[in-house]
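Side chains included, hydrogens not; waters and symmetry mates left out as well; all remaining heavy atoms used. Chain A is the first sequence line, chain B the second, and so forth, proteins listed ahead of strands; every chain is numbered from 1.
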Amino acid sequence: MPELPEVEVVRHGLEPAVTGATVTSVVVHDERSLRRHLGPAEDFIDRLLGAHLIGAVRRGKFLWMPLSSPIDGAEPHTAIVGHLGMSGQLLLRTPEAPTAPLTRVQLGLTHPEHGPLRVDFVDQRIFGSLALDELLPTPDGAAAGHGLLLASIPSQVAHIARDPLDPVFDDPVFVRRLLSRRTTVKRALLDQTLVSGIGNIYADEALWAARVHYEQPLESLSPRRARELLAEVRLVLRRALDEGGTSFDAQYVNVNGASGYFSHSLRAYGQQGKPCPRCGRPIVREQFMNRGSHYCPRCQRVR
DNA sequence: CTTTCGCCCTGAGTGC
DNA sequence: TGCACTCAGGGCGAAA
């Protein structure tokens with residue numbers, strides 16, 4: 001369940017290894033991990049072999065690595081787009097390292113300073129994917145995401161909203177769009193076309209921090225509480241990012257989707273039965289949108 | 001256009 | 001030991 005902070009840790013770890021690297025080999029163990037690639041696996045492999053990567057960029061939960069243009073000095077027009085889905089990992093390995101179980105795709109790289117490297121895409125449930133995609137100019141001309149000052153975005157990511165940590169994120173526009181929705185607050189927080197990067201875990205955490213019930217209708221949420229909720233979203237994401245950043249090993253992208261979670265700081269998610277850190281009343285878990293929703297029945301009431 | 005729903009996918013864990 | 005069953009849910013296309 002990687003969300004913005006986990007994906008950012010992956011991006012940050014990949015960045016020094018892939019920037020300036022050349023693709024020397026591509027092994028596709030399971031074509032289903034290329035579901036979002038238009039064309040067969042052979043096309044993915046052929047176009048990637050010999051390509052030069054120029055960085056690692058992230059918007060919300062999407063990650064992409066632009067390829068340098070074959071024409072000298074021209075803007076890049078293609079990127080490897082990755083989404084980790086529920087269980088995906090991008091692991092940086094040495095070429096000699098054994099292949100982990102559930103490895104779906106392997107990219108062999110050579111870097112002018114770091115030498116040969118391997119990026120392994122491991123994904124148990126195959127909700128994640130890798131693809132080659134066309135880069136399009138951003139409508140506002142601003143950098144498309146975090147990691148590279150490049151005003152172009154993969155076509156598959158163009159409909160994804162900027163995330164709350166993006167310097168170009170527009171708070172008043174977000175609050176207006178949020179409050180005009182005719183649905184409940186958690187549904188809206190999880191809608192990546194409205195605001196990106198938030199998944200089930202950090203939605204529950206931010207709602208708990210802002211004392212908002214997950215089924216609060218947006219028509220009855222005040223602008224003030226909406227702004228407070230946005231502030232709590234940012235705090236929750238930043239705190240997770242800080243914790244992930246400290247445990248990150250520069251040599252390897254060491255993200256374990258199962259146990260490497262920033263679980264030590266969770267106040268609501270997965271805490272059902274445990275006392276609310278604020279009032280002591282047990283946290284409740286309910287089914288909602290085929291997901292678990294965790295909240296404090298005393299602190300978080302529909303109003 | 002907006003909102004909701006169903007589907008994709010499988011290893012790990014649990015109970016008998 | 002082995003089998004059946006449950007669980008985790010992000011993103012997207014189709015439908016209402």
Side-chain angles (χ1 to χ4, degrees), chain A residues 1-8 10 28-38 58-64 81-91 99-105 120-131 133 145 153-163 173-174 176-207 214-219 221 233 237 240 255-263 266 268-273 285-294:
Chain A
M1 297 163 267
E3 303 180 23
L4 186 155
E6 291 77 19
V7 180
E8 176 54 24
V10 172
V28 178
H29 298 283
D30 195 325
E31 292 203 24
R32 292 174 300 176
S33 291
L34 301 182
R35 197 179 49 253
R36 290 169 65 104
H37 178 77
L38 296 179
R58 180 195 53 76
R59 175 186 286 202
K61 309 173 197 173
F62 278 87
L63 181 68
W64 64 94
V81 180
H83 195 288
L84 302 179
M86 288 291 299
S87 53
Q89 296 167 269
L90 280 168
L91 305 173
T99 299
L102 311 178
T103 300
R104 311 298 186 184
V105 179
D120 286 2
F121 182 68
V122 180
D123 190 11
Q124 186 213 126
R125 280 168 251 177
I126 321 183
F127 275 27
S129 63
L130 294 181
D133 191 19
I153 188 161
S155 70
Q156 295 179 7
V157 192
H159 68 291
I160 299 296
R162 290 185 181 275
D163 61 65
V173 166
F174 165 72
R176 199 180 316 136
R177 289 188 65 201
L178 176 73
L179 296 178
S180 67
R181 291 286 171 107
R182 286 298 165 259
T183 183
T184 51
V185 65
K186 185 170 173 182
R187 275 203 150 87
L189 282 183
L190 295 175
D191 183 346
Q192 307 295 303
T193 67
L194 177 64
V195 55
S196 68
I198 307 164
N200 199 42
I201 293 175
Y202 296 117
D204 281 2
E205 291 300 302
L207 288 165
Y214 69 93
E215 285 195 292
Q216 173 75 45
L218 288 162
E219 52 219 288
L221 187 74
V233 165
L237 295 178
V255 175
N256 183 329
S259 64
Y261 236 76
F262 310 138
S263 52
L266 297 179
Y269 182 87
Q271 306 302 303
Q272 60 271 24
R285 182 185 197 272
E286 289 175 359
Q287 282 294 122
F288 172 73
M289 290 174 71
N290 292 322
R291 297 165 169 80
S293 277
H294 314 72

*Given atom NE2 of A:H83 and atom P of C:dC12, what is their separation to the nearest angstrom?*
7 Å
*Which of these, A:L84, A:T103, A:V28, sits in a side-chain contact (heavy atoms from CB on, under 4.5 Å) with A:F121?*
A:L84
*Is any side-chain N or O of A:K61 closer than 4.0 Å to OP1 or OP2 of C:dG11?*
yes
*Hey, does A:G128 reach any base, or is it just sugar-phosphate, or nothing, if we go heavy atoms under 4.0 Å?*
nothing
*asked:* Could you tell me how far apart A:R104 (CZ) and B:dG11 (C1') are, to the nearest whole angstrom?
replied: 9 Å
*asked:* Go nucleotide by nucleotide along DNA chain C from the 5' end; which of A:Q156 and A:Q124 gets its closest nucleotide reached first?
replied: A:Q124
Which atoms of nucleotides 3-5 of chain C (N or O only) lie under 3.5 Å from a protein N or O atom, and what are those distances?
none

*asked:* Once side chain to side chain donor-acceptor pair (under 3.5 Å) is applied, do any residues pair with A:R162, and if so which ones, sequence neighbours excluded?
replied: A:D140, A:D166
*Would you please name every residue forming a salt bridge (Lys or Arg N to Asp or Glu O under 4.0 Å) with A:D163, sequence neighbours left out?*
A:R58
_Rounded to whole Å, how long is the line connecting atom CD1 of A:I160 with atom P of C:dG11?_
6 Å
*Using atom CZ of A:F62 as one end and atom P of C:dG10 as the other, report the distance to the nearest whole Å.*
13 Å
_Distance in angstrom units between A:Q287 CD and C:dT6 P, rounded_ = 13 Å
*If you round to the nearest 0.5 Å, how far is OG1 of A:T99 from CG of A:L91?*
11.0 Å
*Can you name the side-chain contact (heavy atoms from CB on, under 4.5 Å) partners of A:K61, sequence neighbours left out?*
A:V7, A:H83, A:Q192
Could you tabulate the donor-acceptor pairs under 3.5 Å formed by side-chain atoms of residues 124-131 of chain A, not counting sequence neighbours?
none

*asked:* Measuring only between side-chain heavy atoms, which start at C-beta, is A:R59 closer than 4.5 Å to A:I153?
replied: yes
_What's the closest nucleotide to the side chain of A:N200 if the choices are B:dG11, C:dA8, C:dG10?_
C:dG10
*asked:* Applying a 4.0 Å non-hydrogen cut-off, can you work out what A:L84 is touching in the nucleic acid: base, sugar-phosphate, or nothing?
replied: nothing
*Would you please name every residue forming a side chain to side chain donor-acceptor pair (under 3.5 Å) with A:R181, sequence neighbours left out?*
A:D191
_Restricting to salt bridge (Lys or Arg N to Asp or Glu O under 4.0 Å), what partner residues turn up for A:R285, sequence neighbours left out?_
none
*Using the test side-chain contact (heavy atoms from CB on, under 4.5 Å), find all partners of A:T184 that sit at least two apart in sequence or belong to another chain.*
A:R187, A:E215, A:F288
*Does A:E219 have any side chain to side chain donor-acceptor pair (under 3.5 Å) partners at least two apart in sequence or in another chain, and if so, which?*
none
Distances under 3.5 Å between nitrogen or oxygen atoms of protein and nucleotides 1-3 of chain B:
| residue | atom | partner | partner atom | Å |
| --- | --- | --- | --- | --- |
| B:dT3 | OP1 | A:R182 | N | 2.5 |
| B:dT3 | OP2 | A:R181 | NE | 3.3 |

*Could you check how far CG of A:L4 sits from P of C:dG11, rounded to whole Å?*
11 Å
*asked:* Of the options C:dC12, B:dG11, C:dA8, whose atoms approach the side-chain atoms of A:H159 most closely?
replied: C:dC12
*Quick one: the side chain of A:R291 and the base of C:dA8, do they pair up donor-acceptor inside 3.5 Å?*
no
Atom pairs, protein N/O to nucleotides 13-16 of chain C N/O, distance under 3.5 Å:
none

*Candidate nucleotides C:dG11, C:dG10, B:dC9, ranked by approach to the side chain of A:R36 - the nearest*: C:dG11
*Report the distance from atom CD1 of A:I201 to atom C1' of C:dC7, rounded to the nearest whole Å.*
14 Å
*Within this structure, what is the OH-to-P distance between A:Y202 and C:dG10, rounded to whole angstrom?*
12 Å
*Using the test side chain to side chain donor-acceptor pair (under 3.5 Å), find all partners of A:T183 that sit at least two apart in sequence or belong to another chain.*
none
